[in-house]
Amino acid sequence: MSKSEQLFAEAQQYIPGGVNSPVRAFRAVGGTPLFIQRAEGAYLYDADGKRYIDYVQSWGPMVLGHAHPDVIEAVVEQAQSGLSFGAPTELETELAEELCRLWPNMDLVRFVNSGTEATMSAIRLARGYTGRDKIVKFEGCYHGHSDSLLVKAGSGALTMGVPSSPGVPASLADHTITLSYNDADGVRKCFDEIGDQIACIIVEPVAGNMNCIPPLPGFLETLREVCDQHGALLILDEVMTGFRVSLTGAQGHYGIEADITTLGKVIGGGMPVGAFGGKREIMEKIAPLGPIYQAGTLSGNPVAMVAGLETLRLVQEPGLYEELTAKTDRLVEGVLAAAREAGIPLTANKAGSMFGFFFTEEPQVSNYQQVMACDTERFNRFFHGMLEEGVYLAPASYEAGFMSAAHSDEDIEQTIAAARRVFARLA
Ligand code: PLP
């Protein structure tokens with residue numbers, strides 16, 4: 001029995017399913033989740049001491065790679081001054097100022113502790129600001145596990161087969177309208193019918209929770225247009241894409257203006273942080289300036305703030321995003337070529353340092369139905385083959401992959417060589 005198997009058995013005695021987030025349980029791919037002992041740069045080390053090249057990167061935050069020495073030093077130093085005060089600190093202003101300086105549509109920003117809190121609060125703000133109840137989201141997009149947003153959701157919800165969870169009151173779910181990602185006509189039709197009742201659209205500007213689906217040309221532009229026409233707000237959920245697709249996320253990359261932006265993952269550098277921010281006149285409606293309530297005991301936590309500040313300082317080094325994109329391109333091209341050699345039909349998508357592979361004959365995958373039609377059985381065999389080879393991919397076919405600044409050319413070459421061997425076995 002491996003150490004991970006032993007630890008998983010113990011965990012299941014005290015924690016539902018042995019995990020604190022469902023997708024970690026490996027239910028989609030089968031087998032035992034790796035229990036991780038430590039991580040450094042591009043690598044994870046499991047409880048048995050085996051090393052893996054990691055393309056999960058804690059589901060996105062670790063864009064610099066794991067345990068970057070400067071981030072760790074900042075965290076350790078700050079921890080010595082106290083872990084939480086429940087009172088304002090200068091550090092919060094510094095991180096907020098940095099976000100407002102870098103992101104063109106952010107005049108004010110509020111910190112929370114997770115992406116879920118960020119999107120949940122952004123939805124409340126949009127409803128409070130517009131005085132409307134209905135929200136529009138897209139099938140297969142995941143915005144965390146708050147009630148209004150856990151309707152036809154992606155990520156673990158999709159993997160577990162509960163995209164719409166029991167426990168979400170039908171009366172609340174009725175206010176969530178779910179449309180097809182990348183279907184601009186569907187969005188126009190919906191707004192033509194009930195546009196005056198819609199508070200906001202919330203969208204992942206690159207969908208990263210049904211594998212990786214970039215927006216088709218014109219899709220995000222249509223969302224902006226209908227929101228403007230009908231007095232609804234556009235919430236770009238950049239929890240995953242922020243500081244990942246580019247320094248200014250997907251909105252910088254695709255040139256789309258958000259009314260409210262949600263952030264998380266990278267801005268906490270691996271610590272629990274989320275944020276929502278946007279135009280002044282909207283953000284001023286939040287308490288204590290306005291009547292829309294939102295709060296948090298640990299929000300703006302000093303240790304989390306310094307991890308974020310140090311990470312954002314480092315990602316602004318010239319050329320970092322160009323290098324991340326080039327490395328992602330090299331990995332994706334190499335794996336596609338290896339699949340072709342083995343005669344395995346494979347399609348890929350990428351956006352900045354996010355990528356996704358699809359076991360399908362389709363030359364392009366751009367919506368939820370196409371994702372669902374992919375060969376998950378073959379993905380699962382590929383996943384386990386790669387794991388044996390020492391490459392850690394997300395343990396479900398509905399998740400995006402992530403490159404980090406710490407991945408070397410050699411890591412990428414080793415990954416492609418591993419994929420070639422695994423494809424040969426699958427063919
Ligand atoms: N929004 C998006 C786009 C996400 O990818 C996620 C998590 O993966 C969330 C929101 C929720 O963030 P968290 O898991 O920190 O609550």
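Just so you know, residue 1 is the first one in the sequence shown, and it goes up from there. Indexing begins at 1, ligand by ligand and atom by atom, following the structure's order.
- Close contacts of ligand 1 with D237, meaning ligand atoms under 4.0 Å from a residue heavy atom, involve 1 (N), 2 (C), 3 (C), 10 (C).
- Close approach of ligand 1 to T116 (heavy-atom distance below 4.0 Å) involves ligand atoms 11 (C), 12 (O), 13 (P), 16 (O).
- Q78 and S81 form no side-chain donor-acceptor contact under 3.5 Å, judged by distance and modelled atom types alone.
- In the vicinity of G115, heavy-atom distances shorter than 4.0 Å reach the ligand 1 atoms 11 (C), 12 (O), 13 (P), 15 (O), 16 (O).
- In the vicinity of N209, heavy-atom distances shorter than 4.0 Å reach the ligand 1 atoms 3 (C), 4 (C), 5 (O).
- Annotation: salt bridge (Lys or Arg N to Asp or Glu O under 4.0 Å) contacts involving residues 95-117, sequence neighbours excluded, comprise E98-R101.
- Listed here is the closest heavy atom pair of K50 and L387: NZ-O, 3.4 Å.
- A cation-pi arrangement is absent between R51 and Y45 under the rule of less than 6.0 angstrom and at most 45 degrees off the ring axis.
- For E322 and T325, the side-chain atoms include no donor-acceptor pair closer than 3.5 Å.
- Of the N or O atoms in G144, none lie within a sub-3.5 Å distance of an N or O in ligand 1.
- Ligand-side atoms of ligand 1 in range of S114: 15 (O), 16 (O), range being under 4.0 angstrom from any heavy atom.
- The K265 neighbourhood of ligand 1 comprises atoms 5 (O), 7 (C), 8 (O), with distances under 4.0 Å to a heavy atom of that residue.
- Taking the six-membered ring where tryptophan is involved, the planes of W103 and F243 are tilted, since the angle between them lies from 30° to 60°.
- Within the structure, the closest approach of Y142 to ligand 1 falls below 4.0 Å when heavy atoms are considered.
- Near M240, the atoms of ligand 1 lying under 4.0 angstrom from a non-hydrogen atom of the residue are 5 (O).
- Of all atoms in ligand 1, numbered sequentially from 1 with element shown, those under 4.0 Å from a heavy atom of E204 are 3 (C).
- Counting heavy-atom neighbours within 6.0 Å of Q13 CD, excluding the residue itself, gives a total above 12.
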